[in-house]
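Working notes, structure below.
Below, all heavy atoms of this structure are taken into account, side chains as well, without hydrogens, waters or symmetry copies. Worth saying up front: this structure is predicted, and the values here are computed from it rather than measured. Quick note on labels: first sequence line is chain A, next is B, and so on, each numbered from 1.
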Amino acid sequence: MMGPIKIPFWPPNLSICIQNWTPLIMHCKVFDKTRTRTMYVWNALFRALTLAGHGIETLNLYREMNSLGIPSDRFSYTYALKACVASECLISLLQKGKEIHAHILRNGFEGHVHIMTTLVDMYARFGCVSYASSVFDEMPVRNVVSWSAMIACYAKNGKPFEALELFREMMLETQDSFPNSVTMVSVLQACTALAALEQGKLIHGYILRRSLDSILPVISALVTMYAKCGNLELGRHVFDQMEKRDVVSWNSLISSYGIYGFGKEAIQIFKEMIHQGISPSPISFVSVLGACSHAGLVEEGKILFESMVKKHRIYPSVEHYACMVDLLGRANRLDEAAKIIEGMRIEPGPEVWGSLLGSCRIHCNVELAERASKRLFELEPTNAGNYVLLADIYAAAKMWDEVKRVKKLLESHGLQKVSGRSWIEVKRRIYSFVSVDEFNPHVEQLHAFLVKLSEEMKEKGYVPETKAVLYDLDTKEKERIVLGHSEKLAVAFGLINTNNGETIRITKNLRLCEDCHSVTKFISKFANREILVRDVNRIHHFQDGVCSCGDYW
DNA sequence: CTAGGGTTAG
C-alpha cells in the first residue's frame, strides 16, 4: 500500500524527476479517493517547483493536470500565476498569465481576494500597470494585502505619484484595511523616488503613530528615503536609533554614504558591520564597491573585490563586475576595465557593457565606446540611453556625421531621447522644469535671472562647458542651450522662492551636466546657499563652492 | 498547500 506522498528535497535533474512524478500522482489518485487529498499533492508539487524558481516546469505540470480533467482549485490558481513570473527563463510568460486570468474569471473566482491579489502582483511584475489597476478596480473585496500590492505596483513601476494617491485613498477606507508595515515600505519608496522629503517626514510621523517604527524593513526604507531625499543626517539618526540591525539596514547606510561620494566612510561602515558580527551579503559588496567607484577609491575597491571570494565565499555576479568596470573605467583605467570583462567567468550582460560605455563617455574614448555599444545594441536594442551615450561621445569628438547616424538608429527603433527634467519641492508643492519649456510660467523670469548670473560669473572666470550639446552649433548658441538646462532653472527657482539660509533640494531624471555642476558650485558660494542635487545615480551636496562628489562623478 | 514589503550598479 502507498502512504501519502512526502515531497523530498528537490533533486537537481528536474525534467526526469517530473516524468517520474506524474504517474505517481495519478497513481496516488487511485489509492486516495478523496479529491482534496489529490489536489493537495498537485498543489504541494506546484509550490515546491515555484519556490525553486522552476516556473516553466510548474506550468507544464499544471497543463498536464488540466488535461487529465482535474479542475484547478483556489490554491493551484495562485501557484500557476506565481509560476508565470517565477521563471528562470527569460521568455515572457505574460500570455500564459493572461490565459490563466481568463480561466479564473470563467470559473467564478473573481471574488477571491487571494487569487485576485496574486493577479495584481503578477501584472505588476510584468510592468503591466494598467492591467494590474483594472484588476484591482474590479475587485469586489479588498484588504490590506490587495491595497499594498497595488501601491507596490505603482512604486516599483515608476509611478510614485499614483502610489501616494492610492495610499491617500486607502486611508479614507476606514474599514478593515489599515495600512501596515508592508504598505509603508512601498509608500516610503514612492517618497524616495520623488525626492519628496517633506512628504516623507509626514509618512515617518504616521509610522511612529502606528508604532511601526521598530520593524526592520520599515527602518531600512526610512534610512534610504532620508538619504536619497537629501538628508543624510536624518537617515543616520534613524539608523543610530535602531535597537537591532540586520545586513539590509547596514546596506542601506553603506549605499547612502556611497551616493554622496563619501567612499571612505562607506568602507568604514562596511568594516564596522563585519566587526559587529554581521556577514556581508552580495548586495553589501555592490553597495561598498559602488561607493568606492563614486569616490575614486580604486585600490580599496580592488582589495574588497578580492576579499569577496577569499574571505566571504561570495562569488561575483554581473552586478559586481559592473561595479569593477565602473570603478576602473571612471578612473580612466579603461584598458583594465576591458580586461575585467574579458576575464569574466560568467556571460557579461548589458550592465557591464553599459558601465564601460559610461566610462568611455567620461574619458571620450571613441574606439572602445564603439565596441561596447555594438554589444549593447544587440543585448538591449530598445534602451534609448545607450544610443544617447554613444551620440554624446561622438559629439564630444566632433564626429557630427556619426552623431546623425546614431540618432537615426535611435529613431529607427521608435525611440527618442529622454528629455532632461528637474523638480523642486517648495512649500510642499512640487515644481517641475524641462529644458525647453514654453509652458512654464516662471521660465522667462528664470532665464533673465540666469543670463545675468552667467555674465557675473564670467567676470569671475567662469567658462561655460558645452560638451553636452549634441548639435553642431556655434559657441554662443550652445551656451544658450546649456544655460536653459532644467537643473539650472530649478536652482534659480529655488533661489528666488525660498528664504536665505534654506537648503535648496533639486532632483533630476538624468545625469547632472558638467556645466550645471560648476555653475551650482559657484552659486553655492556666492549666494551662500547649501544646495543638494540628486541626479539618476547620486547626490551632489554643494556648499561654499565645493561639491561632496569632489568633482568626480 | 494561498496574496503584498527592505538594501543594488549607470
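Taking atom CE on Met39(A) and atom C1' on dC1(B), their separation rounds to 10 Å, with Å as the unit. When rounded to the nearest whole Å, the span between CZ of Arg74(A) and P of dC1(B) equals 11 Å. In this structure, Trp250(A) places its CH2 atom 19 Å from C1' of dT8(B), rounding to the nearest Å. Note: CZ (Phe285(A)) to C1' (dA9(B)) measures 16 Å, nearest angstrom. Note: CG (Leu222(A)) to C1' (dT7(B)) measures 14 Å, nearest angstrom. In this structure, Leu289(A) atom CG and dT8(B) atom P are separated by 14 Å, rounded to whole Å. A straight line from CG of Leu253(A) to C1' of dG6(B) spans 14 Å, rounded to a whole angstrom. Between Leu216(A) atom CG and dG5(B) atom C1' the separation is 13 Å, expressed in whole Å.
Across all strands shown, Arg47(A) has heavy atoms under 4.0 Å from sugar-phosphate atoms exclusively, and none from any base. Within 4.0 Å of Ser284(A), counting heavy atoms only, lies no atom of the nucleic acid at all. When heavy atoms are screened at a 4.0 angstrom cut-off, His112(A) is found touching base atoms of the nucleic acid. Residue Ile215(A) is classed as a base contact, given a heavy-atom separation below 4.0 Å to a base. Within 4.0 Å (heavy atoms only), Val113(A) reaches at least one base atom of the nucleic acid. Among the heavy atoms of the strands lying under 4.0 Å from Thr183(A) is at least one base atom, whether or not backbone atoms are also near.
Proximity note for Asp246(A) (side chain, C-beta onward) versus dA3(B), dG6(B), dC1(B): the nearest is dG6(B). Among the nucleotides dT7(B), dG4(B), dC1(B), the one closest to the side chain of Val248(A) is dT7(B). The side chain of Ser220(A) lies closest to dG6(B), out of dG6(B), dA9(B), dA3(B). Proximity note for Ser249(A) (side chain, C-beta onward) versus dT2(B), dG5(B), dG6(B): the nearest is dG6(B). Closest approach to the Ser148(A) side chain among dT8(B), dG5(B), dG4(B) is made by dG4(B) (side chain taken as heavy atoms from C-beta onward). Which of dC1(B), dA9(B), dG4(B) sits closest to the side chain of Phe75(A) comes down to dC1(B). With dG6(B), dA9(B), dT7(B) as the candidates, the nucleotide lying closest to the side chain of Val286(A) is dA9(B). Closest approach to the Ala149(A) side chain among dG5(B), dG4(B), dA9(B) is made by dG4(B) (side chain taken as heavy atoms from C-beta onward).
Less than 4.0 Å separates DNA chain B from at least one heavy atom of each of the following residues of residues 223-235 of chain A: Thr224(A), Lys228(A). Taking a 4.0 Å limit (strictly below) on heavy-atom distances, residues 344-364 of chain A reaches DNA chain B at Glu351(A). Contacts between residues 119-137 of chain A and DNA chain B, defined by a heavy-atom separation below 4.0 Å, involve Asp121(A), Arg125(A), listed by number.
Both the sub-6.0 Å distance and the 45° axial angle are not jointly satisfied by Arg74(A) relative to the ring of Phe109(A).
Under the 4.0 Å criterion applied to side-chain N and carboxylate O atoms, Glu336(A) and Arg333(A) are assigned as salt-bridge partners. Salt bridge status for Arg375(A) with Glu378(A): present, with a side-chain N to carboxylate O gap under 4.0 Å.
Side chains of Ser287(A) and Ser284(A): a donor-acceptor N/O pair is absent below 3.5 angstrom, by distance only. Neither side chain, Asp137(A) nor Ser134(A), offers a donor N or O lying under 3.5 Å from an acceptor on the other.
Here Lys156(A) reaches the OP1 or OP2 of dG5(B): one of its side-chain N or O atoms lies under 4.0 Å away. Contact annotation: Ser255(A) side-chain N/O to dT8(B) OP1/OP2 distance is under 4.0 Å. Contact check, Gln189(A) against dG5(B): no side-chain N or O comes under 4.0 Å of OP1 or OP2.
Interface remark: the Ser181(A) side chain does form a donor-acceptor pair with the dG5(B) base, using a distance-only criterion of under 3.5 Å. Residue side chain Asn180(A) reaches the base of dG4(B) through a donor-acceptor N/O pair under 3.5 Å, judged by distance alone. The base of dG6(B) is not paired with the side chain of Asn251(A) by any donor and acceptor separated by under 3.5 Å.
In this structure, His237(A) has its ring center at least 6.0 angstrom away from the ring center of Tyr226(A). You'll find the ring centres of Phe239(A) and Trp250(A) inside the 6.0 Å limit. The aromatic ring centres of His112(A) and Tyr77(A) sit 6.0 Å or more apart. Taking the six-membered ring for Trp, Tyr40(A) and Phe75(A) have ring centres at least 6.0 Å apart. Between His101(A) and Tyr131(A), the ring centre distance reaches or exceeds 6.0 Å.
In this structure, the ring pair (Phe, Tyr, Trp, His ring centres under 6.0 Å) partners of Trp147(A), at least two apart in sequence or on a different chain, are Phe136(A). Remark: His320(A) engages no residue in a ring pair (Phe, Tyr, Trp, His ring centres under 6.0 Å) (not counting sequence neighbours).
Residues in residues 251-275 of chain A take part in no salt bridge (charged side-chain N to carboxylate O under 4.0 Å, His left out) pair, two or more places apart or across chains.
Looking only at side-chain heavy atoms (C-beta outward), Glu162(A) and Val129(A) stay at 4.5 Å or farther from each other.
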